[in-house]
Amino acid sequence: MHKPIAIIPVVLAIAACGVKVNGKSYGPGGGTSGGGSSASADPSPTSSSSPSSSSSSSPSSDDEPEYVKNDRTRDGTCLAKPGHIADPWAGVDGDQPELIPTRLIHRSLEESTAECTAANDHCLRECAWIIGKDSDEVDNAIASYRYNEEGNFEGDAGAPYRAYRTVPATKRMLVRGAILAIPDSLSRVGSRSQTLGRGGSYWIIGALDRVDWKTGKVYLVGYPNPAWLSSTRVAVLRYKRGGKVEILGGRKREELAVRADEVFAPLPETSTASDPWSQVKHGQPIVVADTQPFATEEGEGVCKAQNDHCLRPWAWMVDNNSGYAFVGKFDGKTFLGLEAIDQLTPIDGIVAAYRTVPATPKNLKVGTQVFWGGGSERNAHTLRWDTGKVLKIRGDGKVDVERTSRNETLLIEELRVPVVVWYPGEKAEAFP
C-alpha cells in the first residue's frame with residue numbers, strides 16, 4: 001500500500017549519565033524511570049524467568065502462568081506479561097539498545113487468552129523496539145526484539161533505521177508532533193502477528209496530527225487512515241545506528257513510564273449513523289468545512305451499516321439521471337463530486353440529492369429506492385453508487401433489487417435508504 005510522505009517533527013532532550021541496577025546499566029540518565037507510581041518493569045529476573053530457575057529445556061510447573069509455558073526462552077529474556085506495561089528502559093543498556101545474543105522463540109501471547117490491549121502492552125515483549133526506515137516519511141515498521149553486536153536489529157536487513165521504544169498512548173503523551181506507532185489496520189487492540197511484523201501486519205510510524213476524542217481515534221500527519229486510541233503507541237526513546245539512545249519530545253525520564261490506569265481501553269463497537277436532518281438549515285443543505293483525507297483501508301466489514309458505511313456526516317447521494325448516484329458536498333449553491341477531499345468536481349444534470357440512512361428490515365418495503373457501494377472511506381466518497389428499487393424482501397437478510405439493466409440479490413446491511421430529498425431551487429423535505 002502506498003504511504004504518503006509526512007515530515008515528522010521530533011524534539012530531543014539530552015539525558016544524563018547512566019546508573020546500574022542489580023549490576024545492569026539502564027539508559028541515559030539512569031535505571032528505570034523515576035516515577036514511583038509508574039507501572040515499571042523490575043529489572044531483576046523474576047523467579048519464573050531467571051536463568052537459575054528456568055531454561056528452554058526445563059519443564060514447566062503446573063502453577064506457572066500460561067504465557068511462561070507457551071513462551072519460554074533460553075534465559076527468560078523479554079517475556080511478555082499479561083496485565084503488565086514494560087518500563088521504557090527495559091530494552092536499553094547504558095546509552096545503547098540491550099544486546100540479546102540468544103535467538104528468541106517468537107511467541108508472545110498467541111496461545112494465551114489475553115487480548116493485545118494497552119493494559120497488556122499490546123502483547124509486545126519487554127525489550128521490543130519498533131524499527132522503521134531512517135527517514136522522516138510515514139512508513140511501515142516492524143517490532144523487533146533482538147539487537148546484536150553488529151548494531152543490527154533482527155528484521156532491519158542491515159539498512160539504515162530508526163528504532164523506537166514505545167509505550168501505550170495516554171492523554172498526557174498525545175501532544176501534536178509526538179511520534180506514534182499505529183496498527184496498519186483499524187483494530188481496537190494490537191495484533192499478535194503485529195508484535196512480530198509478520199503475516200503482512202505492520203506498525204505505521206508518523207507524527208501525531210490530531211486526536212478525535214469523541215470517536216476515540218488519532219490521525220497522523222500526511223497519513224489518511226486513523227487508529228483507535230486503544231491500539232496506539234507513543235515513541236519515547238529513539239536510537240539510530242551508531243548513535244545513542246535519546247529521549248523524545250523534551251520529556252524528563254521520570255515522565256516516560258505509563259501506569260495501567262492511564263491507558264485507553266477498547267471502545268465497544270456501536271452504531272454511528274448521522275442525523276439526516278443535521279445537514280439541513282432553513283430548508284437548504286449546509287456548507288461544512290472538512291479537510292481530513294479519506295481513509296484508504298479496504299476489506300470485508302470495513303465500511304458497514306454500523307459505521308454509516310464510512311460516509312462523512314455531510315455526504316448526500318446525488319442523482320443526475322445517469323442510473324447511478326454520486327456522493328456530493330454542498331458548496332452553498334450546488335453539490336460537487338469528489339476525487340479527493342480537496343479535489344471537487346462538477347456533477348452535471350443534478351435532479352435531486354438525498355440524505356440516506358442504513359437500510360433495516362423496518363425501513364424497507366417493496367418499491368423502496370436504495371443505494372449501495374463503498375469498500376473504503378475513499379471509495380465511498382469518490383466512486384459512484386449503484387441504485388435501484390426493492391423487488392422482494394427475503395427472509396434471510398437479503399433483498400432482490402431491480403436495476404435498469406439487471407436484477408440483483410443483496411444483503412440488507414449493504415443498502416442505504418433515502419429519508420430526506422432536496423430538489424434544486426426548492427427546500428429539503430422528508431422522503432418519500
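FYI, side chains are in, hydrogens and waters are out, and symmetry mates aren't considered; it's all heavy atoms of this structure.
For the pair Val218 and Pro226, the minimum side-chain heavy-atom distance is 4.5 Å or more. Residues Val327 and Leu311 are in side-chain contact: their nearest non-hydrogen atoms beyond the backbone lie under 4.5 Å apart. The side-chain heavy atoms of Gln279 and Pro313, taken from C-beta on, include a pair separated by under 4.5 Å. Proximity of Thr356 to Val419: side-chain heavy atoms (C-beta onward) are nowhere separated by under 4.5 Å. Between Asp319 and Ile350, the closest side-chain pair of non-hydrogen atoms is not below 4.5 Å.
Going from atom CG of Asp134 over to atom OH of Tyr161 covers 9.5 Å, rounded to the nearest 0.5 Å. Put simply, CZ on Phe326 and CG on Asn320 are 5.0 Å apart, with the number rounded to the nearest 0.5 Å. Atom OG1 of residue Thr296 and atom OH of residue Tyr223 lie 6.0 Å apart, to the nearest 0.5 angstrom. The CG atom of Asp184 lies 6.5 Å from the CG atom of Asn140; values are rounded to the nearest 0.5 Å. In this structure, Glu408 CD and Glu414 CD are separated by 9.0 Å, a value rounded to the nearest 0.5 Å. Here the CD1-OH distance, from Ile131 to Tyr164, works out to 10.0 Å after rounding to the nearest 0.5 Å.
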Given the rule in the side-chain contact (heavy atoms from CB on, under 4.5 Å) test, do Tyr354 and Arg416 qualify, once you have shown the distances and angles that lead to the verdict?
CA-CA 11 Å; Tyr354 302 93; Arg416 296 187 66 84; over 6 Å; no
Derivation and outcome, side-chain contact (heavy atoms from CB on, under 4.5 Å), residues Ile142 and Ile130
CA-CA 6 Å; Ile142 63 169; Ile130 305 294; over 6 Å; no
For Arg253 and Trp89, what are the C-alpha separation, side-chain angles and deciding distance, and is it a side-chain contact (heavy atoms from CB on, under 4.5 Å)?
CA-CA 9 Å; Arg253 64 172 299 106; Trp89 299 99; 3.0 Å; yes
Verify side-chain contact (heavy atoms from CB on, under 4.5 Å) between Arg355 and Phe431, making sure each step is shown before the conclusion.
CA-CA 9 Å; Arg355 288 285 289 156; Phe431 183 88; over 6 Å; no
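In this structure, Lys214 does not pair ionically with Asp212, as no charged nitrogen and carboxylate oxygen lie closer than 4.0 Å. The pair Arg172-Glu262 meets the salt-bridge criterion, with a side-chain N (NZ, NE, NH1 or NH2) lying under 4.0 Å from an Asp/Glu carboxylate O. The residues Arg233 and Asp121 are annotated as salt-bridged, a charged nitrogen and a carboxylate oxygen being separated by less than 4.0 angstrom.
Between Tyr239 and Trp129, the angle of the ring planes goes over 60°, which puts this pair in the perpendicular group of the 30/60° scheme. Ring planes of Trp385 and His309: perpendicular class, angle over 60° (limits at 30 and 60°). Ring geometry for Phe264 against Trp213 counts as tilted: the plane angle lies between 30° and 60°, on a 0 to 90° scale.
Residue pairs meeting the salt bridge (charged side-chain N to carboxylate O under 4.0 Å, His left out) criterion with at least one member in residues 216-226: none, sequence neighbours excluded. Sorted by first and then second residue, the salt bridge (charged side-chain N to carboxylate O under 4.0 Å, His left out) pairs involving residues 372-386 (not counting sequence neighbours) are Arg312-Glu377, Asp386-Arg403.
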Per-pair distances, 0.1 Å, donor-acceptor, side chain in residues 329-345, under 3.5 Å, sequence neighbours excluded:
from, atom 1, to, atom 2, distance (Å)
Lys329, NZ, Val288, O, 2.6
Asp331, OD1, Lys333, N, 2.9
Asp331, OD1, Thr334, N, 2.8

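Just one of Leu248, Ile247, Val167 meets the side-chain contact (heavy atoms from CB on, under 4.5 Å) condition when paired with Leu256; it is Ile247.
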